[in-house]
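Quick notes on the structure that follows.
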Amino acid sequence: MNYRHAYHAGNPADVIKHAVLAFVIDYLLKKEAPIRVIDTHAGLGRYDLTSDAAERTGEWVEGIGRLWGRDLPEPLEALVGSYMDSVARLNPDGRLRFYPGSPDIARLMTRPVDGMTFCELHPEDGDDLARLYARDRRIKVIGIDGWLAPKAFLPPKEKRGLVLIDPPFEQPGEFDRLVEALDNGYRRWAGGVFLLWYPVKDAAAVKRFHRAIAELAIPKCLTIETTWRAVDGERLSGAGLVTVNAPYTLAEVCRAAARPLWDVLEMPNGRLDLFGGEDRA
Ligand code: SAM
């Protein structure tokens, strides 16, 4: 396990993933009933942008670094507002130093009645995550293989909530495992919200993945795919999120936010494509 998210936290892919995550949590919180957030590949939970790892790559500078401290236009604010609130809560003095990973966004946004389950297999990152949340009784940090989570934890007793599946893509077969995890998860919990993250690097692999997702024929499946440079098979050129049971407003909000987002990120070639499960089969 070589992947450490500390090198990448707050980069453009994180911004889009975390903005959508916060948007979905916001929607789930509109009802009083408790929710559960399950993060199958949780990472460290919170990142220090002055750490050696963050400074070595500087990836956050071109992501959260571009949004922080700016007046954002309304259509972009509609997508990133709750996410930016979470970042602001970690940096109350107005200087950007701490960045919330997906677990911290869930922790900051949820209520005393809600529950969270975070899986992290890396021994050191898992220990740090467990230490970070040791005093929060709503949170279970578990050092198991996150791919087992759909079978192990679904459906949760809360009946409402979401599953984020965000693997590191450092091993072959992770696209197939994503499809299998969604298939298993959705069979157990058809009412849950699912968010699956994938990298856009290898165009052929992404195309096969779209087809496999479409073959699951899951209703209310929306894919949000962003690219910010030509796909060359080498570098991360974009990232996608397959969503299931996301709020119906999400597509329109993403569509309206796309142009101002690329402007703020200073990525003039940025694209945001939306398609349903069947559209790209
Ligand atoms: N979800 C996090 C966020 O958005 O802040 C980032 C997660 S990062 C992309 C992937 C994480 O999965 C890494 O911390 C890695 O150590 C962990 N990991 C890798 N294989 C795993 C597995 N089989 N089960 C659980 N965690 C795993």
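Bear in mind the structure is a predicted one, so any value in this text is a computation, not a measurement. As the structure lists them, so they are numbered: ligands from 1, and atoms in each ligand from 1.
Among all non-hydrogen protein atoms, the one lying nearest atom 20 (N) of ligand 1 is Met1 CE, 3.7 Å. Of all protein heavy atoms, the one closest to atom 26 (N) of ligand 1 is Leu121 N, 3.2 Å. Among all protein heavy atoms, the one lying closest to atom 24 (N) of ligand 1 is Gly146 N, 2.7 Å. The nearest protein atom to atom 7 (C) of ligand 1, hydrogens excluded, is given as His41 O, 3.0 Å; this is a heavy-atom distance. Nearest protein heavy-atom contact of atom 23 (N) of ligand 1 is Asp145 OD1, 2.8 Å. For atom 4 (O) of ligand 1, the nearest non-hydrogen atom of the protein is His18 NE2, 2.8 Å. Among protein heavy atoms, the minimum distance from atom 6 (C) of ligand 1 is reached at Asp166 OD2, 3.3 Å. The single protein non-hydrogen atom nearest to atom 13 (C) of ligand 1 is Glu120 OE1, 3.5 Å, given as residue, atom name and distance.
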Can Tyr99 and Asn11 be said to form a side-chain hydrogen bond (donor to acceptor under 3.5 Å, both in side chains), step by step?
CA-CA 10 Å; Tyr99 183 78; Asn11 70 9; over 6 Å; no
For side chain to side chain contact (heavy atoms under 4.5 Å, CB included), just list the numbers for Glu225 and Arg271, CA-CA rounded to whole Å, side-chain angles, deciding distance to a tenth of an Å, and then say yes or no.
CA-CA 8 Å; Glu225 191 168 286; Arg271 280 183 62 115; over 6 Å; no
Which is it for Leu222 and Leu274 under the side chain to side chain contact (heavy atoms under 4.5 Å, CB included) test, yes or no, and what are the steps along the way?
CA-CA 7 Å; Leu222 169 77; Leu274 299 169; 4.3 Å; yes
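Near Gly43, the atoms of ligand 1 lying under 4.0 angstrom from a non-hydrogen atom of the residue are 14 (O). Every atom of ligand 1 is numbered from 1 in the order shown, and the set under 4.0 Å from a heavy atom of Lys17 is 3 (C), 4 (O). Close contacts of ligand 1 with Gly101, meaning ligand atoms under 4.0 Å from a residue heavy atom, involve 5 (O). Atom numbering of ligand 1 starts at 1 in the shown order; those under 4.0 Å from a heavy atom of His122 are 16 (O). If you number the atoms of ligand 1 from 1 as listed, the ones under 4.0 Å from a heavy atom of Ala42 come out as 1 (N), 2 (C).
Put simply, the side chain of Asp125 never gets that close to the backbone of Gly43: no donor and acceptor are under 3.5 Å apart.
Contact annotation: the side chain of Pro150 never approaches that of Arg188 to less than 4.5 Å [non-hydrogen atoms, C-beta and beyond]. In this structure, the side chains of Tyr3 and Phe169 stay at 4.5 Å or more apart for every pair of heavy atoms. Counting heavy atoms from C-beta on, the side chains of Trp147 and His41 come closer than 4.5 Å.
Taking the six-membered ring for Trp and thresholds of 30 and 60 degrees, His210 and Phe275 have ring planes more than 60 degrees apart, a perpendicular arrangement. Between His5 and His18, the ring planes lie perpendicular to each other; the angle is over 60°, past the 30° to 60° tilted range.
Residue-ligand proximity: Ile105 is placed with every non-hydrogen atom at 4.0 Å or more from ligand 1. The closest approach between any non-hydrogen atom of Ile144 and ligand 1 is below 4.0 Å.
With respect to Tyr83, the side-chain contact (heavy atoms from CB on, under 4.5 Å) criterion is satisfied by exactly one of Leu21, Ile64, Val20: Ile64.
Every N/O-N/O distance between Leu164 and ligand 1 stays at or above 3.5 Å. Between His5 and ligand 1, no pair of N/O atoms sits closer than 3.5 Å.
Proximity of Thr40 to ligand 1, defined as any heavy-atom pair under 4.0 Å, is confined to the backbone N, CA, C and O atoms.
Neither side chain, Glu174 nor Tyr198, offers a donor N or O lying under 3.5 Å from an acceptor on the other.
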